[in-house]
Amino acid sequence: MIWTIVVLIVLVIVLWGFYISWRASRLDRLHNRCEGARTALDLAMVRRSAVAYELASSGLLDPATSLLLTDAARRAKEAGPAERDLAESDLTRALRATLEPPEFKSSLDSGGGAAELVAEVEAAAHQVFIARKFYNDVAARTIEARNRPLARTFRLSGTAKQPEFFEMDDAVAEDGVRG
């Protein structure tokens, strides 16, 4: 009878250990996915800055708009982590101001690859939107898993830094249609 109780206690402890180990590895995988999603977001923002530079230097824009777009793209590319969201939002607003006027869209009919360049800018902006949504979703799941009582009690996240949401204005078109 005593051996049965001892075996059951040992079995419960072993199963509890496996469960805690599984939760810790799940939390580790979430942190890795979060880092990967952040890298994808950073790459999408760099690509958007690059195609914004290309649009600004293409000769399709008037000099003032070109200068505004170049400055916004430069600031977005050079921004540190603390001001990155504001710089990226400024680039979005500059792209919106550049791409929305009807006279700009009508000038694209002249050919010469202008429509393709604008389509590339809009595709890059849409990719930033998707990457940001994906990153924020993974960050939310990671934060939720970190805040569970078991994870907090046993400090299952270890020394991993808690992810932060990345909020920015990424609507290239005013009507809510993503570029």
Side-chain angles (χ1 to χ4, degrees), residues 1-54 72-96 119-179:
M1 179 70 171
I2 270 277
W3 284 105
T4 306
I5 294 173
V6 169
V7 168
L8 285 176
I9 290 173
V10 168
L11 183 63
V12 166
I13 290 172
V14 167
L15 289 176
W16 184 250
F18 278 130
Y19 179 71
I20 290 174
S21 174
W22 175 76
R23 294 299 298 184
S25 64
R26 180 176 186 280
L27 196 52
D28 185 51
R29 286 191 309 271
L30 282 171
H31 278 104
N32 288 337
R33 284 184 68 197
C34 200
E35 287 177 19
R38 182 56 193 234
T39 301
L41 175 60
D42 288 341
L43 289 174
M45 290 187 296
V46 166
R47 179 175 174 260
R48 185 177 75 150
S49 294
V51 294
Y53 268 131
E54 191 175 336
R74 180 195 54 78
R75 283 187 288 121
K77 208 172 217 179
E78 295 174 356
E83 63 273 352
R84 181 91 188 256
D85 54 347
L86 295 175
E88 291 293 339
S89 293
D90 289 344
L91 178 57
T92 298
R93 285 189 285 278
L95 284 170
R96 187 183 304 138
E120 188 177 351
V121 169
E122 290 174 343
H126 186 67
Q127 186 63 36
V128 168
F129 169 73
I130 291 170
R132 185 184 66 83
K133 294 279 275 185
F134 184 76
Y135 168 75
N136 283 342
D137 181 52
V138 172
R141 282 188 268 150
T142 304
I143 291 169
E144 179 185 335
R146 286 175 65 110
N147 289 335
R148 292 199 174 169
L150 184 71
R152 281 194 322 249
T153 302
F154 291 104
R155 298 176 190 240
L156 298 182
S157 58
T159 60
K161 183 180 166 206
Q162 179 162 323
E164 297 176 356
F165 293 108
F166 190 84
E167 296 300 330
M168 64 177 264
D169 178 9
D170 58 7
V172 173
E174 279 294 322
D175 59 2
V177 177
R178 304 296 183 211

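The basis for the numbers below is simple: all heavy atoms, side chains too, and nothing from hydrogens, waters or symmetry mates. Predicted model only: the values in this text are computed from it and were never measured.
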Can you tell me how far apart [atom1] ([X]) and [atom2] ([Y]) are? Round to the nearest 0.5 Å.
X	Y	atom1	atom2	result
Leu41	Asn136	CG	CG	8.0 Å
Leu91	Leu95	CG	CG	4.5 Å
Asp42	Glu88	CG	CD	8.5 Å
Gln162	Ile143	CD	CD1	4.5 Å
Thr142	Asn32	OG1	CG	9.5 Å
Arg23	Leu150	CZ	CG	7.0 Å

- Query: Can you name the one residue among Leu11, Val12, Ile13 that meets side chain to side chain contact (heavy atoms under 4.5 Å, CB included) with Ile9?
  - Reply: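 Result for side chain to side chain contact (heavy atoms under 4.5 Å, CB included) with Ile9: Ile13.
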
Heavy-atom neighbours of [X] [atom1] exceed 12 at 6.0 Å:
X	atom1	answer
Lys133	NZ	no
Trp22	CH2	yes
Glu78	CD	yes

- Message: Pair Glu164, Arg38 - check side-chain contact (heavy atoms from CB on, under 4.5 Å), show working.
- Response: CA-CA 10 Å; Glu164 297 176 356; Arg38 182 56 193 234; over 6 Å; no

- Item | Cation-pi check, Arg132 onto Phe166 ring (under 6.0 Å, within 45° of axis) | no

- Message: For Asp137 and Arg141: C-alpha separation, side-chain torsions, deciding distance, then whether salt bridge (Lys or Arg N to Asp or Glu O under 4.0 Å) applies.
- Response: CA-CA 6 Å; Asp137 181 52; Arg141 282 188 268 150; 2.6 Å; yes

- Query: Would you say the side chain of Leu43 lies within less than 4.5 Å of the side chain of Gln127, judging by non-hydrogen atoms?
  - Reply: no

- Task: Answer whether the closest heavy-atom distance between the side chains of Glu167 and Asp85 falls below 4.5 Å.
- Result: no

- Task: Please name all residues satisfying side-chain contact (heavy atoms from CB on, under 4.5 Å) with Ser89, sequence neighbours left out, ordered by chain then number.
- Result: Arg93, Met168, Asp169

Determine the minimum heavy-atom distance between [X] and [Y], stating which atoms define it.
X	Y	answer
Arg26	Ala145	NH1-CB, 3.9 Å
Cys34	Ala139	SG-CA, 3.9 Å
Leu30	Val138	O-CG1, 4.1 Å
Ala44	Ala131	CB-CB, 4.2 Å

- Got a sec, which residues hit salt bridge (Lys or Arg N to Asp or Glu O under 4.0 Å) with Arg33, two or more places apart in sequence or on another chain? none

- Given Tyr19 and Leu15, is the side-chain contact (heavy atoms from CB on, under 4.5 Å) satisfied, shown in steps? CA-CA 6 Å; Tyr19 179 71; Leu15 289 176; over 6 Å; no

- Determine, stepwise, if the pair Arg146 / His31 fulfils side-chain contact (heavy atoms from CB on, under 4.5 Å). CA-CA 10 Å; Arg146 286 175 65 110; His31 278 104; 2.9 Å; yes

- Item | Ala40 backbone acceptor or donor facing Tyr135 side chain under 3.5 Å | no

